[in-house]
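First the structure, in the form of structure tokens, and then the observations on it.
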Amino acid sequence: MSSTPKGNNNRNFIKRPDVSIRDKKLETLNVQLKKVDQEVSLIRKQIDQYQVNDKTSNSRKSLLDENKEIIKTQANLKNRRNTIHDSIKQLDTQIKRRTNEINDKLGKKTQYNSLPAAKQRISEIEDIIGSGDLSIVEEKMMVKEMQSLNKLMKDLALIEPIKKAVDSDKAKIAELKEELNSLNTKEISNKFEQNQKKLDELQSSSQVVYDKRQTLFNKRTALYKKRDEIYAQIRQIRADFDNEFKSFKNKLEKERLKREEDELLSKVLEQKEDALSKLEEKLTHAKVPAFTYEIEAIENSLVLLDPTFEKPKRDIMDDFNDLALDTKTQIRPVEADDLVMVEKKVDAYSNTAPSKSKKHKKKGKSKATQGETTIFSKVDGKFSLEPTFIATLAELDITVPISNDDVPKTVEQLKSKLEECKNMQDDQTVKNIAEAEKAIEECKAKYEAKEEKIKKDLEAKRSKEQEESEKNDE
């Protein structure tokens, strides 16, 4: 049998978290929070009061915008100057390359580097030769020089485009240098410095306002920090209470499930004990030798019908036997003509112990309370039997004697029935005990299975409720 208690009145008292304690702590913090919010509101108003006037702000904005344009212009000028310098550098390189090319074609020793100069020299040589004042040697030298000049003129004609290109590059360089000189950033820089100076003056005049605003900003930041700390404490108190309440609910739920388990198991245990009690009672009755009632009834009947029959003496159920043998019961005469045959009962030879039959007990008691008259009597000259005796013979499936002539036959049937019951008594008793013990074992196994099923069902229920609780928390 299970050792699970039927009930547990000593349940652990689970204390609910005190909401008033939490509210009291929160009330104190809310008062502090309200005070901080009031101070923050006051500082915001003061910050709004310390504002730079619109005129100063507009002037400052105008100067800043102008400086932005100046910076942009300076950047553009710088880029343009860099571009011009790069262009001049490229043109100088190109002029040097072309000059070297001209020198390579004309040679470094020539005195004439242009067609007009060469033509003029040729004209002079022709005039000198035409004067006739030259000697043959001098004239030959002049002719040779003129030939050289003619050749030079051909070379000069070839390099003339190159020279023009060089002159063009030089002209471009001159233009670029002139443009470079016109890009004077000094005036722009001076303008920027003047604007910056004005901005510094405006900044200096506004610095007092800025300092006061910054002081207020610092105070406001400190108040924000303090307010955040109060909020953190409030959140912590709420979180602690929520955790305590969650723990309380978990404990309450565990206690509920434990109580539910105890109640279910207690109910099953009560049913089990009740069923086992009945089966134990059946086992007790099964241990009484089988057919005890039948044998006792047969022997009592034989004592009444057969004067030669001696009832065996036994210790078992002496009280029952004494009651059954009580012959002092008042017998009501029954007319033989009024006797009715009792139909045979199907379960007349059931293997149940006689102590289980309330009917048998009732009949035994009725016999004990009857008068002392004999079973047979003559009433008005007619043969009569006691009604309870007739009922006993009917239950034993024995022929009821209608007259004295029928008695021997009834006695023979009773003795045969007695022998049959005694022969079957031991085997039937063992069988009755085995069936009762088997029923007890089956009952125990049945209720143990019920207890195990209840525990498994409750465990599955706990797991499901835990999963649902975790999902809700998420």
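Because the structure is predicted, anything quoted here is derived from the model rather than measured.
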Inset, instruction - Take the angle between the ring planes of Phe245 and Phe241 and call it parallel below 30°, perpendicular above 60°, tilted in between. - result: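 Phe245 and Phe241: parallel rings.
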Legend entry - Results of salt bridge (Lys or Arg N to Asp or Glu O under 4.0 Å) for Arg97 - residues two or more places apart only: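 Testing Arg97 for salt bridge (Lys or Arg N to Asp or Glu O under 4.0 Å), a comparison that skips the adjacent residues, returns none.
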Heavy-atom pair of closest approach, residues [X] and [Y]:
X: Ala439; Y: Leu279; result: O-CD1, 3.4 Å
X: Leu414; Y: Ile298; result: O-CG2, 3.2 Å
X: Ile230; Y: Leu29; result: CG2-O, 3.6 Å

Output the distance between atom [atom1] ([X]) and atom [atom2] ([Y]), rounded to the nearest 0.5 Å.
X: Ile47; Y: Gln214; atom1: CD1; atom2: CD; result: 9.5 Å
X: Gln413; Y: Leu305; atom1: CD; atom2: CG; result: 11.0 Å
X: Phe389; Y: Leu393; atom1: CZ; atom2: CG; result: 4.0 Å
X: Ile173; Y: Leu91; atom1: CD1; atom2: CG; result: 4.5 Å
X: Gln49; Y: Arg213; atom1: CD; atom2: CZ; result: 11.5 Å
X: Glu193; Y: Ile70; atom1: CD; atom2: CD1; result: 10.0 Å

Checking [X] side chain against [Y] main chain: does a donor-acceptor pair fall under 3.5 Å?
X: Thr410; Y: Thr399; value: yes
X: Thr284; Y: Glu280; value: yes
X: Ser168; Y: Lys164; value: no
X: Asn300; Y: Glu296; value: yes
X: Thr429; Y: Ala290; value: yes
X: Thr292; Y: Val288; value: no

Show me the donor-acceptor pairs, under 3.5 Å and distance only, between side chains in residues 83-90 and residues at least two apart or in other chains.
unit_1	atom_1	unit_2	atom_2	d
Thr83	OG1	Asn79	O	2.8
Ser87	OG	Thr83	O	3.0

With a 4.0 Å cut-off on N to O distance, would you call [X] and [Y] a salt bridge?
X: Lys278; Y: Asp274; value: yes
X: Lys246; Y: Asp242; value: no
X: Asp18; Y: Arg22; value: no
X: Lys61; Y: Asp65; value: yes

Under 4.5 Å between any side-chain heavy atoms of [X] and [Y], yes or no?
X: Lys258; Y: Lys254; answer: no
X: Glu459; Y: Lys455; answer: no
X: Arg80; Y: Asn76; answer: no
X: Leu26; Y: Asn30; answer: yes
X: Glu448; Y: Lys272; answer: yes
X: Lys25; Y: Gln233; answer: no
X: Phe248; Y: Lys251; answer: no
X: Lys34; Y: Gln38; answer: yes

Legend entry - Chi angles and distances behind the side-chain hydrogen bond (donor to acceptor under 3.5 Å, both in side chains) call for Gln194, Asn190: CA-CA 6 Å; Gln194 291 175 3; Asn190 292 335; over 6 Å; no
Inset, instruction - For the pair Lys446 and Glu442, evaluate side-chain contact (heavy atoms from CB on, under 4.5 Å) and give the outcome as yes or no after the intermediate values. - result: CA-CA 6 Å; Lys446 173 185 175 183; Glu442 289 177 350; over 6 Å; no
Legend entry - Test side-chain contact (heavy atoms from CB on, under 4.5 Å) applied to Lys287 - qualifying residues, sequence neighbours left out: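 Residues passing side-chain contact (heavy atoms from CB on, under 4.5 Å) with Lys287: Leu283, Ile433.
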Legend entry - Glu437 and Glu441: CA distance, side-chain angles, deciding distance, side-chain contact (heavy atoms from CB on, under 4.5 Å) verdict: CA-CA 6 Å; Glu437 290 177 344; Glu441 294 302 321; 5.7 Å; no
Check side chain to side chain donor-acceptor pair (under 3.5 Å) between [X] and all other residues, then give those that pass, not counting sequence neighbours.
X: Tyr231; answer: none
X: Gln425; answer: none
X: Arg256; answer: Glu253, Glu260, Glu465

Inset, instruction - Please report the C-alpha distance between Lys453 and Asp457 in whole Å, then the side-chain angles of each, then the deciding distance to 0.1 Å, and finally whether the salt bridge (charged side-chain N to carboxylate O under 4.0 Å, His left out) criterion is met. - result: CA-CA 6 Å; Lys453 184 176 184 302; Asp457 291 345; 2.9 Å; yes
